[in-house]
Structures are given as structure tokens and as C-alpha cells.
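The next block holds one structure in the form of C-alpha cells; read it before the comments.
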Amino acid sequence: MSSSEINKNEVDIVIGALNADLTQFLNSWRPFFSGFHLIIVKDPELKDDLNIPEGFDVDVYSKPDIEKVVGAANAAMFSGYSCRYFGYLVSKKKYIVSIDDDCVPAKDPKGVLVDAVSQHVTNLENPATPLFFNTLYDPYCEGADFVRGYPFSLRSGVPCAASCGLWLNLADLDAPTQALKTEQRNTSYVDAVMTVPLKAMLPISGINIAFNRELVGPALVPALRIAGEGKVRWETLEDVWCGMCLKHISDHLGYGVKTGLPYVWRNERGDAVESLRKKWEGMKLMEKSVPFFEALKLPESAVNVEDCVVELAKAVKEQLGSDDPAFTQAADAMVKWVQLWNSVNSSG
Amino acid sequence: MVDPANTVGIPVNPTPLLKDELDIVIPTIRNLDFLEMWRPFLQPYHLIIVQDGDPTKKIHVPEGYDYELYNRNDINRILGPKASCISFKDSACRCFGYMVSKKKYIFTIDDDCFVAKDPAGKAVNALEQHIKNLLCPSTPWFFNTLYDPYREGADFVRGYPFSLREGVSTAVSHGLWLNIPDYDAPTQLVKPKERNARYVDAVMTIPKGTLFPMCGMNLAFDRDLIGPAMYFGLMGDGQPIGRYDDMWAGWCIKVICDHLGLGVKTGLPYIYHSKASNPFVNLKKEYKGIFWQEDIIPFFQNVKLSKEATTVQQCYIELSKMVKEKLSSLDPYFDKLADAMVTWIEAWDELNPPATA
């Protein structure tokens with residue numbers, strides 16, 4: 001689906017600004033962002049003014065705006081990488097595309113710049129196929145189809161809730177891995193989109209992601225904060241936790257999550273070794289999260305996204321709360337998030 | 001437009017991995033000319049040729065290949081009455097080759113599959129890739145968004161639990177096909193000209209609990225880990241169905257691998273599939289399967305093997321009982337198939353007695 005076929009009025013591009021100077025970032029994305037409405041949310045802890053080049057249709061939100069909408073007490077929920085969630089909250093569009101501000105367009109193997117926005121929207125507009133694995137990956141793309149042995153009753157697929165893209169150059173590895181392999185860069189362009197199967201868990205990265213806000217908006221929860229969370233991706237897990245919740249809820253409600261294309265080119269930022277020096281809480285929290293999500297069964301009565309988030313939060317509090325205060329805080333944040341979502345979006 | 005690789009001039013692999021631990025099983029009714037093209041990659045290995053159809057026909061094997069060949073008479077002689085479980089006039093007969101092999105690994109390939117080219121134009125050594133896939137772990141319990149984490153240049157992504165990074169043993173490596181894709185008859189009829197030109201440079205583990213359509217055209221597996229479950233069912237002559245042999249095996253091995261904590265990979269390597277079979281003939285063969293699979297899939301999705309089933313054979317026998325119990329009402333064929341599954345295991349154990357201490 002080319003950029004011309006996408007209804008740009010259905011898309012908001014939400015950028016969390018952790019850097020003040022967005023000139024290079026926005027100029028590099030200009031060919032693919034133009035014509036779209038942008039929501040830029042400034043990290044409330046960022047002191048400098050944002051530098052935004054001309055020519056974009058953009059709404060900028062900073063700390064005062066956040067506090068006005070959610071109240072000063074709740075503003076902390078949107079600090080650091082989580083500032084983008086405020087953009088999700090106030091958006092009025094069907095689809096959201098979100099890219100970290102240290103990424104630029106990647107080139108495909110033919111040397112052509114990748115229109116990540118178009119690819120994400122295409123992924124979201126086409127069905128997902130979580131109930132049976134298609135060995136030729138995305139059956140709806142040009143030149144592919146369902147393979148022999150794929151049940152016909154499953155070929156219409158289910159609605160796609162999220163599209164998880166990937167990264168060339170600096171892949172989204174954790175600090176220990178990147179610190180060990182300081183020179184490693186991702187040069188492998190895997191030309192596929194696929195649906196992550198039902199019940200399969202995965203680490204969803206917030207670096208390059210899109211989702212159907214109308215379908216699953218409240219499930220994108222800014223909830224898990226690790227102690228000493230920092231301003232580089234190596235020092236946060238908020239997106240991974242959010243992704244685990246999103247996948248579980250999508251599975252429960254019969255939606256799909258895709259992964260693969262599009263790629264973005266992720267630039268150097270931070271120092272993996274430096275991040276390693278901080279006691280990395282994230283590792284422990286992930287270990288505890290996995291068996292929890294694996295065993296979790298949301299009740300049949302949870303039939304909409306908000307109910308699912310609330311039930312999930314309850315389960316987190318009950319089963320993980322005693323393991324680590326971070327989980328209790330996450331559960332509380334999830335409940336608060338749903339309340340905020342409903343109050344901000346109630347006028348609809 | 002996709003072309004096969006030109007392998008003329010490529011020297012025979014001087015360091016063939018697992019040369020004495022792997023057999024290549026090829027079912028055929030016509031000829032094995034395709035092996036000429038595969039020489040650089042396959043010649044060092046031992047072949048097991050399962051000749052289907054007319055046993056009096058002489059199958060010519062290209063010079064230089066070391067092989068054993070079995071036709072229908074051999075199968076009947078070796079298995080006696082148990083030969084009833086081996087299909088006739090269908091490539092499903094290839095599983096006889098798995099049974100008689102004495103090696104740890106099997107690579108099976110169809111006789112219309114040639115060497116593919118990667119995007120750089122280089123000839124793909126499919127067997128070498130399969131071996132790499134089998135020798136390194138799988139990760140069925142948590143999906144890695146950068147695909148195979150053990151591959152050169154890749155790794156586990158942020159958030160991937162450290163306790164799951166050792167992975168599990170890989171039982172099966174499922175490869176793909178450029179040019180003629182493995183479509184069913186209805187799709188072939190609708191898209192007769194579609195060719196797969198997309199080279200997806202990834203290997204990935206199929207998550208636990210997920211079923212997939214396993215194609216037998218380009219497949220490798222660890223016979224020690226999963227061999228007895230690789231029965232390709234009753235197809236072809238005298239049977240109501242065809243072109244579901246590998247599918248059936250794929251569903252069986254996946255539930256058993258999930259139960260035993262083994263991994264199944266899919267993706268690279270690609271081969272170049274040259275021959276499109278007749279879609280009308282295929283439709284006749286697949287027809288019943290298209291309806292039956294609607295019931296078969298939920299059956300496999302709900303299979304729960306018992307804790308006591310700790311070997312592949314035990315799992316498979318349990319599965320055969322469930323097939324008899326739950327699928328016979330679909331068609332009496334499944335009653336026969338369940339019996340054949342048991343016969344297969346009996347034959348397997350006879351030909352592969354446990355090593356004496």
C-alpha cells in the first residue's frame with residue numbers, strides 16, 4: 001500500500017521527545033511524515049525547549065499541558081520514554097505510529113528509503129493470522145498466499161491490533177548483550193511481516209511500533225517503571241511490559257499482533273557498558289513476569305479492552321505484588337490509566 | 001523471475017558436516033537427474049532412495065553417489081504384513097527411508113527441487129543450513145523478534161528472559177521454496193502463475209502450542225529425537241486422500257515436540273522448486289483433506305498427552321488412540337490411520353531395537 005493509498009486522516013504520528021533538538025530527526029522523516037498530523041510530547045523532565053523545524057502539522061505537549069489534562073499527581077506517569085503515552089491518550093485518530101527520536105529511515109536492500117509509516121498502516125489494515133502459522137509469512141502481501149495445509153476457515157484472519165517494526169544498525173538488544181558485543185550492528189534485512197501466534201509471548205519494543213488505537217488503545221499501558229529508570233532504552237522496560245499486556249489482551253479478545261517490517265535505522269546513543277553499571281532491575285522483573293503471563297487467564301467476562309486491563313492489573317497486584325513493589329505500582333498505574341483514558345475520551 | 005543456481009564448477013564440499021551421521025532420503029518414481037546439480041553439496045552423503053510405483057523400473061542414480069535403494073518389493077520383504085502402513089503410489093512412502101536409516105539425522109528432498117540462489121546470486125547449500133539449524137538450539141517458549149538469536153550477527157532482544165536463552169534441542173528444520181510455492185490445489189487454480197520470489201533471510205522457532213503446515217519437500221530432522229513420529233500416513237493407492245502426508249506428520253511431530261520440550265524451526269534454507277504439479281489432479285487428492293482439516297486442526301490443537309508419555313513412541317501410540325477415539329466419526333479412514341500409526345511404531349521398534357547395554 002503506497003503512501004497515496006493511505007487515508008492520512010486516520011493516522012497520528014506520536015513522538016516522545018527525549019531530545020530537545022528534533023531538527024535532524026524530523027527532517028530525515030519529512031518525506032514520510034508530511035501530510036500526517038504529528039503529536040510531539042516533550043519528556044516532562046527535559047529542561048530545554050524543543051527545536052522543531054518548519055513545515056509539519058504538529059501539536060506539541062509539554063509538562064504544563066500534561067498536568068492540565070491528567071492532573072499534577074498523575075503527570076509522573078508520563079515521564080521519560082512514557083511521555084509518548086500522553087500522545088496516545090489525547091489522539092483522536094484510528095491508528096498511531098510511534099518512533100523513537102533517535103531513529104531515521106532505513107534503506108532496503110535495493111537502497112530505497114523505507115516508508116515505515118506506510119508499512120505500519122498496511123500491516124494494521126490487513127488481517128492478522130494468529131491461529132495457525134503460515135510458513136510463507138504474510139499471506140496477504142503481493143506474491144504470497146496461504147500454503148497447502150492452511151485451514152480454509154482460518155484464512156480470513158482477525159483484526160490486527162499492533163505492528164511491531166524492527167531496527168537496522170543498533171538493534172534493540174539489552175545492555176549486557178550490547179556491552180558484550182560492542183561492535184555488533186544489525187545488518188540483516190529480513191523481508192517479511194508475520195503474525196505472532198496465539199499465546200506466544202514476545203518482547204515488544206516501543207522503538208518502532210504502531211497500533212490500532214480504536215481497537216486496543218487502553219491496552220498500551222505506561223505502567224512498569226524500574227528503579228533508576230533512565231533516558232536510554234537500555235535502562236527501561238516500560239515498553240516490554242506494555243507489550244506483554246497488549247499481547248495477552250489481544251490474544252484474549254481475538255486480535256493479532258504482527259512483527260517484522262518495517263525497519264528503521266537506529267543511531268548510537270548512550271553507552272551499554274555505562275548502563276550496565278546500574279543495577280539492572282529489569283532482568284529480575286522479566287523473570288517474574290514470564291510465568292505470570294504464561295499462566296494468566298483473563299475471565300470470560302472481560303469482553304472489552306478496559307475490562308481486560310483492569311482484570312490484568314488485579315492479577316498483577318495479587319500474584320506479583322508481593323514479589324516487587326514495581327509490580328504493585330504497575331498495577332495501580334494500569335488502573336489509573338484506564339480511568340484517565342475513559343475520562344479523556346468520554347466525550348468521544 | 002526466479003532462477004535456480006548454476007552449480008557447474010562448484011567443487012564438492014571438502015568439509016561436509018555430519019557426513020557419517022546423516023542420510024538423505026529421496027522418494028522417486030522417475031529419475032534422479034536432479035542430483036547432478038546437487039553434487040557439490042550432497043555427493044559426500046549417503047542416500048536412501050525409496051522407489052515408489054512400478055518396482056521393475058530401473059532408477060538411474062548419477063555416478064559418484066553412495067546409496068541404497070528400496071522398491072515396493074523390498075518394502076514388502078523387509079516389513080512383511082507391516083508393510084501395509086507404508087503408502088503406495090504417493091511420496092509418503094519416503095518415511096520407509098526414515099525407518100531403515102541407521103543415522104542420527106535425516107534430510108529429505110523431492111526430486112524436482114534444485115539448488116536456489118540467495119539474493120547475492122550465490123548457490124544455497126541447503127543441507128549445510130539444515131544442519132546448522134539442527135545443531136543449534138530452538139526457542140519455542142518466547143518469540144525473539146530478531147528471529148534466530150544464535151545466528152551470526154543476531155542475538156536475543158531486550159526483554160527476552162535470560163532464563164530462556166539456552167533454548168531447547170532442535171528436532172526439525174523446515175525449509176522453504178523459491179519459484180513454485182507449496183500451494184494447495186484451489187490456490188494453484190486461482191493463481192497458476194504466482195511464483196515465490198521473496199527470499200526471507202531468517203530462521204525462526206515455531207512457538208510452543210502453535211501448529212503449522214509442514215512441507216516434506218525440503219525437510220531435515222533429528223531421527224533420534226523425533227524419528228518415530230515422522231510417519232507420513234496412509235496416502236495414494238487405495239486411500240481416500242493424498243497430499244496430506246507431510247501435513248499429518250507435521251501436526252503429529254509438533255504436538256509431540258511441544259510435549260517433550262523440543263524445538264521446530266522454519267525458514268532458511270530455500271531450495272528452488274521447479275515443477276508445478278497438475279492442480280486438477282491435486283484437487284482430487286486433496287479434496288477430502290480440505291474438509292477434514294477443519295476438524296483435524298481443532299483435534300490437534302486440543303491434544304493433551306499424558307505425563308507418563310515420555311518417549312516419542314509412547315506419545316505417538318497415545319496420539320493414535322486419540323485419533324481413533326476422536327476422528328473415526330469423521331471418516332472410517334481415521335480408524336485405519338490410527339491402526340497404521342501403531343503398525344508403524346511396531347515396525348520402527350523392530351527395525352530400530354534399543355541398543356543393548
Side-chain angles (χ1 to χ4, degrees), chain A residues 109 130-137 141 143-154 164 166 171-178 181 184-192 194 196-205 233-234 237 239-241 243-244 259-260 282-283 286-287 289-290 294, chain B residues 119 140-147 151 153-164 174 176 181-187 190-191 194-202 204 206-215 243-244 246-247 250-251 266-267 282 286 289-290 293-294 296-297 301:
Chain A
L131 300 173
F132 206 82
F133 191 88
N134 192 43
T135 48
L136 281 187
Y137 315 111
C141 81
D145 213 305
F146 291 97
V147 296
R148 174 176 59 97
Y150 202 105
F152 277 79
S153 63
L154 299 180
C164 309
L166 296 173
D172 192 13
L173 308 178
D174 52 50
T177 308
Q178 192 73 66
K181 299 179 170 187
Q184 177 154 308
R185 299 294 177 268
N186 187 23
T187 54
S188 175
Y189 187 99
V190 178
D191 185 16
M194 64 198 78
V196 184
L198 178 73
K199 298 221 175 63
M201 292 183 285
L202 76 156
I204 293 183
S205 167
R233 281 288 183 193
W234 290 312
L237 261 189
D239 49 351
V240 178
W241 175 264
M244 302 274 274
T259 187
M283 241 182 302
M286 266 319 288
E287 292 301 329
S289 306
V290 173
E294 198 169 16
Chain B
W141 294 323
F142 212 83
F143 188 88
N144 192 44
T145 47
L146 278 186
Y147 314 111
R151 238 182 131 192
D155 216 304
F156 290 98
V157 298
R158 177 174 56 98
Y160 201 105
F162 278 80
S163 61
L164 297 179
H174 177 262
L176 297 174
D182 189 24
Y183 288 163
D184 52 51
T187 310
V190 168
K191 297 178 165 190
E194 186 150 275
R195 299 290 176 263
N196 185 22
R198 186 179 271 233
Y199 188 99
V200 178
D201 186 19
M204 64 199 76
I206 301 180
K208 178 174 173 171
T210 303
L211 292 174
F212 76 115
M214 184 178 85
C215 173
R243 284 172 56 87
Y244 271 86
D246 41 6
M247 297 298 135
W251 299 326
T266 187
N282 289 344
E286 291 172 11
I290 286 173
Q293 75 189 3
E294 295 298 331
I296 296 172
I297 296 307
Q301 281 170 337

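Just so you know, these numbers come straight off a predicted model, no measurement behind them. Just so we're on the same page: letters track the sequence lines, and every chain starts at 1. FYI, side chains are in, hydrogens and waters are out, and symmetry mates aren't considered; it's all heavy atoms of this structure.
Options B:Thr266, B:Leu146, B:Asp246, B:Leu211 differ in how many heavy-atom pairs under 4.5 Å they form with chain A, and the most are formed by B:Leu211. Of the listed residues B:Lys208, B:His174, B:Arg151, B:Gln301, the one with more heavy-atom pairs under 4.5 angstrom with chain A than any other is B:His174. Among B:Ala202, B:Gly153, B:Pro119, the residue with the largest count of heavy-atom pairs under 4.5 Å with chain A is B:Gly153. Of the listed residues (A:Leu173, A:Asn134, A:Leu131, A:Val240), the one with the most heavy-atom contacts under 4.5 Å to chain B is A:Leu173. Among A:Ala171, A:Ser188, A:Ala200, A:Ala144, the residue making the largest number of heavy-atom pairs under 4.5 Å with chain B is A:Ala144. In terms of non-hydrogen atom pairs under 4.5 Å with chain A, the most contact-rich of B:Trp141, B:Phe156, B:Tyr244, B:Phe143 is B:Phe143.
Between A:Val147 and B:Asp184, the shortest heavy-atom contact is O-OD2, 4.0 Å. Residues A:Leu237 and B:Gly159 come closest through the heavy atom pair CD2-CA, 4.2 Å.
Looking at B:Arg243, the atoms closer than 4.5 Å to chain A (heavy atoms on both sides) sit in the backbone and in the side chain alike. Only the backbone of B:Ala154 comes within contact range of chain A, with heavy atoms under 4.5 Å apart. Proximity to chain A (any heavy atom under 4.5 Å) is shown, for B:Ser163, by both the backbone and the side chain. Using a 4.5 Å cut-off between heavy atoms, B:Ala197 does not touch chain A at all. Proximity to chain A involves both the backbone and the side chain of B:Pro213, based on heavy atoms less than 4.5 angstrom apart.
Atom CG of residue A:Asp191 and atom CG of residue B:Asp201 lie 10.0 Å apart, to the nearest 0.5 angstrom. Of the inter-residue distances, the one linking A:Met201 atom CE with B:Leu164 atom CG reads 7.5 Å to the nearest 0.5 angstrom. We find the CE-CZ distance between A:Met244 and B:Phe142 to be 4.0 Å, quoted to the nearest 0.5 Å. Note that OH of B:Tyr160 and CG of A:Asp174 are 12.5 Å apart. Values are rounded to the nearest 0.5 Å. With values rounded to the nearest 0.5 angstrom, B:Lys191 atom NZ is found 3.5 Å from A:Asp145 atom CG. The OH atom of A:Tyr137 sits 11.0 Å away from the CZ atom of B:Arg198 when rounded to the nearest 0.5 Å.
Judged purely by atom type and a 3.5 angstrom limit, B:Glu294 has no side-chain atom pairing as donor or acceptor with the backbone of A:Pro151.
B:Thr145 places a side-chain heavy atom less than 4.5 Å from the side chain of A:Leu166. For the pair A:Pro197/B:Phe212, no side-chain contact is recorded, criterion being any heavy-atom separation below 4.5 Å from C-beta on. Side-chain contact between B:Arg158 and A:Ser205 is present, with heavy atoms from C-beta onward closer than 4.5 Å.
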